K.L.:
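Mind looking over this structure? Questions follow.
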2 protein chains.
Amino acid sequence: MKPVTLSDIAERLNISITTVSKALKDYPDVSPKTKALVKELALTLNYRPNSFAVNLRTKESKTIGLIIPVIVHHFFSSVIKGIISQAEKKGYLVIILQSNESYELEKKQIDLLINQRVDGIIISLANDTVDFKHLNDVISLDKPLIMFDKIAKLVKCSKVIINDRQAAYDATQHLINTGCKRIAHFRGSLLPQNSIDRFLGYKKALVDNGIPYDPNLVYICECDDKSFEEGKKNAIKLLEDHDDVDGIFINTDLVAIGAIAAFNDLGVKIPETISIVGFSNWFMSSVISPTLTTVDQPGFEMGKEAFKQLFKEIRQRKNNLPVTYEEIVLKTSLVKRESTKTELTNRV
Amino acid sequence: MKPVTLSDIAERLNISITTVSKALKDYPDVSPKTKALVKELALTLNYRPNSFAVNLRTKESKTIGLIIPVIVHHFFSSVIKGIISQAEKKGYLVIILQSNESYELEKKQIDLLINQRVDGIIISLANDTVDFKHLNDVISLDKPLIMFDKIAKLVKCSKVIINDRQAAYDATQHLINTGCKRIAHFRGSLLPQNSIDRFLGYKKALVDNGIPYDPNLVYICECDDKSFEEGKKNAIKLLEDHDDVDGIFINTDLVAIGAIAAFNDLGVKIPETISIVGFSNWFMSSVISPTLTTVDQPGFEMGKEAFKQLFKEIRQRKNNLPVTYEEIVLKTSLVKRESTKTELTNRV
DNA sequence: GGTCTTTTCGAAAACGTTTTCGATAAAAAT
DNA sequence: ATTTTTATCGAAAACGTTTTCGAAAAGACC
């Protein structure tokens, strides 16, 4: 019933624990004969090294922690998948925690992970995280920390992000290229950096194309479970306020889909009357009607890159090499679908 | 730089490690004065118990493993959320692995988790898992195992499931109650039990209502990333084969949404000409047009129940109590939306 | 003052592994 | 035959904690 240990094997073979341990790890100073003997017995006894003891000795757990704001979300679950897939290749396990967009929870969870002595932490910040002490604590403990998507620019650690500003710029440019003259923007809440960057990209694209920026065309919608309703509501309001709008760049797909639903109900033609571009390339956007033009946010790749960088830093620390922080910016791409017209000119 | 240990505290206070340990855990045989002293110093030194050492001594890791076929899926990510939320309350961490619907991977991952010495395992089986040795291994190691959703009926352990058969029966009955006379069924692949049960429920509802079961009306679609296309294709085929069909009960929402898209394209009126019921209540089904009547599969609750049962069994084993396996069947509910007509009669 | 109880503490073993370093035996070299 | 090298092994410490059990000190009681 008790799990078999090195000592069990040693006893049966009348050799020392040391030799058993070495045999299993193919040390050069143990004869092929005993190696074979040990390995065979280990197999038949179904020996499994006690990870607690190993961790205690080696001071590493081969485990990393992941904190994300929400799990039930296409983008984030894609990231999880990316991280896990990469971690598995390197023999690492992943402990996942959900901060629920709460700063307080996030703090507690960071603490939990440190107590658990994970080898590193990957995190996407909660929306209401404004203080970064808990993150700097991780760094000062010399534990590798990677931030992705929702990051704190001021914290000195590696980051995996997309160029939200450029992506938003490109999305808006696409609307302009397809003939839109008066373009609205549904943005997210004021806090997260993404929201700000996307807004700035939108604004810059307008200005660069000689279209005056009109703050009245910018609507704020909270991104949460009610995003869909929010999108509907704002779409209707926009139509009442400004009947000359012919394009909208929307902060996130779900809101965009809400807007599409509203326009469909009202008989507003998409893209003929109003063109729409979303953000995220949530799976749903390829399935609704009309299918949604949107910015593809490569969640899976972000997860992979985040783990790769984490792994690199773990290795660097282990070998006492200088740790190099990197800012990895992944490419987004505009997925052109039915909710926008075809471009008139071919602009790069 | 080195993490502070009990011995560090002991040294500074000129007391023994034993006393420090006891003080921190509020043993009765240490004076209030030294307790206060120890606790204060522990706080200022930011002492964190080394979990490896604790685990090694106590032989438990306060960690559980979770294996699911896919992460990027509304139902499964809801389950994850349910498990994590409950685990956090009890001070457990969750290691998540994705089997990718592969039996081989599943085996390896079970092994990984056992080696990691998690306190218990929660699993939803891969579609191509037909042999259950790896699961019985877990049980014979006396490690708590809970299966949910995709289960193996023959394995002796607790299970958290829904009554797929009843749910399918109710869904089909709803179609009948709303006036459908000739009802097709898009089912999943032949292997997983859910697929079979849903099919049986569909069949029984027909027979119970005096509607002859016609095997030609049953289409098989693989449930994967291409489900949407699969749904479209089968919908078109169905229309060609049988122009008298007025209702479809579909194994899973995504396929149903594909079918809706196809019918929308073809100008087939939903629900007037054909009514559709899906399965899962994936978030999308409330967002497409027409909104989809579907069976709500309570993922979050399943996750919660699965962890609760696991926790119970961990406790039982720890206290040397007899372990009781339970089969927890959660209620599903039919969410009536626009893709079906209103019921003619009120049947219970 | 002596016995007895209560309070407070610490030595030591144990958990299972990894790794260093020295010991022994066999083989090779002189 | 003696020394040197090589191959093979094991003792022991260390990782940081928990817990048992006994010891010492302090207080209570006669």
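No experiment lies behind these values; they were computed from the predicted model shown. Just so it is clear: chains get the letters A, B, ... in the order the sequence lines come, proteins before strands, and each one is counted from 1.
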K.L.:
Should B:Asp137 and B:Lys133 count as an ion pair when the cut-off is N to O under 4.0 Å?
P.N.:
yes
K.L.:
Taking N or O atoms only and anything under 3.5 Å, show me the protein contacts with nucleotides 24-26 of chain D, one pair per line.
P.N.:
none

K.L.:
Would you mind classifying the nucleic acid contact of A:Thr5 as base, sugar-phosphate or nothing, using non-hydrogen atoms under 4.0 angstrom?
P.N.:
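Sugar-phosphate only.
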K.L.:
More than 12 non-hydrogen atoms from neighbouring residues, nucleotides or ligands closer than 6.0 Å to CD on A:Glu11, yes or no?
P.N.:
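No.
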K.L.:
Would you list the atom pairs, donor with acceptor, under 3.5 Å between side chains in residues 60-71 of chain B and any protein atom, with sequence neighbours excluded?
P.N.:
from	atom 1	to	atom 2	distance (Å)
B:Glu60	OE2	B:Lys318	NZ	3.2
B:Ser61	OG	B:Thr63	N	3.3
B:Ser61	OG	B:Arg117	O	3.1
B:Ser61	OG	B:Asp119	OD1	3.3
B:Thr63	OG1	A:Gln116	NE2	3.4
B:Thr63	OG1	B:Ser61	O	3.0

K.L.:
To the nearest angstrom, how far is A:Arg117 atom CZ from D:dC15 atom P?
P.N.:
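Going from A:Arg117 (CZ) to D:dC15 (P), I get 13 Å.
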K.L.:
Give a yes or no on whether a salt bridge exists between A:Asp131 and A:Lys107, defined as a side-chain N under 4.0 angstrom from a carboxylate O.
P.N.:
no
K.L.:
So which of A:Glu106, A:Lys108, A:Gln109 actually passes side chain to side chain donor-acceptor pair (under 3.5 Å) with A:His134?
P.N.:
A:Glu106
K.L.:
Does anything in residues 18-28 of chain A form a salt bridge (charged side-chain N to carboxylate O under 4.0 Å, His left out)? List the pairs, not counting sequence neighbours.
P.N.:
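Every pair satisfying salt bridge (charged side-chain N to carboxylate O under 4.0 Å, His left out) with a residue in residues 18-28 of chain A: A:Lys22-A:Asp29, A:Asp26-A:Lys35, A:Asp26-A:Lys39.
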K.L.:
Output every pair passing salt bridge (charged side-chain N to carboxylate O under 4.0 Å, His left out) with a member in residues 65-89 of chain B, not counting sequence neighbours, ordered by first then second residue.
P.N.:
none
K.L.:
Does B:Lys59 have a side-chain nitrogen or oxygen under 4.0 Å from the phosphate oxygens OP1 or OP2 of D:dT18?
P.N.:
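So the side chain of B:Lys59 is outside the cut-off, no N or O lying under 4.0 Å from OP1 or OP2 of D:dT18.
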K.L.:
Does the protein touch nucleotides 7-12 of chain D at the base, only the backbone, or not at all? Give it as B, S and - per nucleotide, heavy atoms under 4.0 Å.
P.N.:
-BBBBB
K.L.:
Which ones in residues 46-58 of chain B lie close to DNA chain C, meaning a heavy atom under 4.0 Å from one of its atoms?
P.N.:
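B:Leu56, B:Arg57 - these, ordered by number, are the residues of the stretch whose heavy atoms sit under 4.0 Å from the strand.
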K.L.:
Find out whether A:Ile15 and A:Val38 are in side-chain contact, i.e. whether some heavy atom of one side chain is under 4.5 Å from a heavy atom of the other.
P.N.:
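They are in contact (side-chain heavy atoms under 4.5 Å apart), so the answer is yes.
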